[in-house]
Structure formats: structure tokens, C-alpha cells
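A short write-up of the structure that comes next.
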Amino acid sequence: MKKIFSSLALLLATTILVACGSNASAPTPTSSRPQTTVVDDDQTAKATFLVTANGKTTEKEVTFEVGDSVMDVLEDNFAAEEEDGMVTVIDGVSQDASKNTYWMYKVNNEMAEVGAESYKLKAGDKVEFYLETF
């Protein structure tokens, strides 16, 4: 009788383990879940930066991490300074508030509507910095 009870208990335990194991590896349907793209923290991309000052344009193709702002990339590749997210100096050339001359920038030939600290770069962007007098 003990032998039958032990065999039955072993069979029950084996059945439970097999059933649990098969549920763990069963595929989960994904059609009802939204698709998301995972981006590695170290994924990089390239953009082109142009800086025009005193009649001279410097062009650099730069590599950046996805999620970097224009300011992050500018500071990594040029001697740049900022105040409140706005560029004030690039490669030793300062804006001059007394003459209403300020650093401005365009992305892909369109005037940026936010400060350089807020604009997140995308692969292939062309960023142009220039001094503008108002």
C-alpha cells in the first residue's frame, strides 16, 4: 500500500512539474500588445554641425548618443558655453547683447523653435549655428 501511495505521489509531483514547465515556455500572443522598440543606451548616430562666425564656416560630422541634445553635442565637439539652455559662446566667439547679436541655429534648414538644450538630435540632422543681429 505504501508503495502504491509513493508511486502515486511521485506521478502527481511529476505531472505538476511538467505542467508548470510547459506554461513557462509557452509563447505569449503579442498581437494585442503595442509594439515597442528597445534602444540600447550606447546606440550612436551621426549629424553634421556647421558654425559660421566672422566670415568663416567650420563644418564637422559628429557622432552622438541617441537622446543627446544639440547642446550636448555642441559642447562635446566645440568650445561652447551656454546660459539657461541658450548658446552664448562658440569657439571663443561670443554673442553681443549690446549690439543685439545672438547665436541662432537651424536644424535641416529650419529655424529651431526651442533652445539648444531642449532639441533632441536625430540621425542625419544638419545643424547650423550663426550669429544674427536683430
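Under the 6.0 Å distance and 45° angle rule, Lys60 counts as a cation-pi partner of Phe78.
Asp76 contributes atom CG, which lies 7.0 Å from atom CG of Asp68 (distance to the nearest 0.5 angstrom). The CD atom of Gln95 lies 6.5 Å from the OH atom of Tyr102; values are rounded to the nearest 0.5 Å. Between Asp125 atom CG and Phe49 atom CZ the span is 8.5 Å, to the nearest 0.5 Å. We find the OH-CE distance between Tyr105 and Met111 to be 10.0 Å, quoted to the nearest 0.5 Å. How far OG of Ser118 is from CD of Glu113: 12.0 Å, rounded to the nearest 0.5 Å. Distance CD/Glu132 to OG1/Thr101: 8.5 Å, rounded to 0.5 Å.
Across Gly115 and Met86, no two heavy atoms sit closer than the pair CA-SD, 3.7 Å. When every heavy atom of Gly124 is checked against every heavy atom of Asn108, the shortest pair comes out as O-OD1, 4.1 Å. Closest heavy-atom contact between Ala116 and Val87: CB-CG2, 4.0 Å. Considering every non-hydrogen atom in both Ala123 and Phe64, the closest pair reads N-CZ, 3.9 Å. For Lys120 against Gly67, the heavy-atom pair with the smallest separation is CD-O, 3.3 Å.
Put simply, Leu131 and Val127 are part of the same group of oily side chains (I, L, V, M, F, W, Y) that touch within less than 4.5 Å, one to the next. Linking ILVMFWY side-chain heavy atoms closer than 4.5 Å, directly or via other members, places Val114 and Met104 in two distinct hydrophobic clusters. When hydrophobic clusters are built by joining Ile, Leu, Val, Met, Phe, Trp and Tyr residues whose side-chain heavy atoms come closer than 4.5 Å, directly or via intermediates, Phe129 is grouped together with Val107. Under the 4.5 Å side-chain heavy-atom criterion for ILVMFWY residues, a single connected hydrophobic cluster contains both Val62 and Val51.
The residue from Asn54, Thr52, Thr58 that alone fulfils the side chain to side chain contact (heavy atoms under 4.5 Å, CB included) condition with Lys56 is Thr58.
The number of heavy-atom neighbours closer than 6.0 Å to CG of Asp84, taken from other residues, nucleotides and ligands shown, is 12 or below.
Checking side-chain atoms of Trp103 against main-chain N and O of Val93 turns up a donor-acceptor pair under 3.5 Å. Without hydrogens or angle criteria, Asn77 side chain to Val73 main chain gives a donor-acceptor distance under 3.5 Å.
Salt bridge status for Glu128 with Lys106: absent, with no side-chain N to carboxylate O gap under 4.0 Å.
With a 4.5 Å cut-off on side-chain heavy atoms, Glu75 and Glu82 count as touching.
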**Message:** What verdict does the side-chain contact (heavy atoms from CB on, under 4.5 Å) test give for Val70 and Glu117, after you've listed the backbone C-alpha separation in whole Å, the side-chain angles of each residue and the deciding distance to 0.1 Å?
**Reply:** CA-CA 6 Å; Val70 167; Glu117 189 67 38; over 6 Å; no

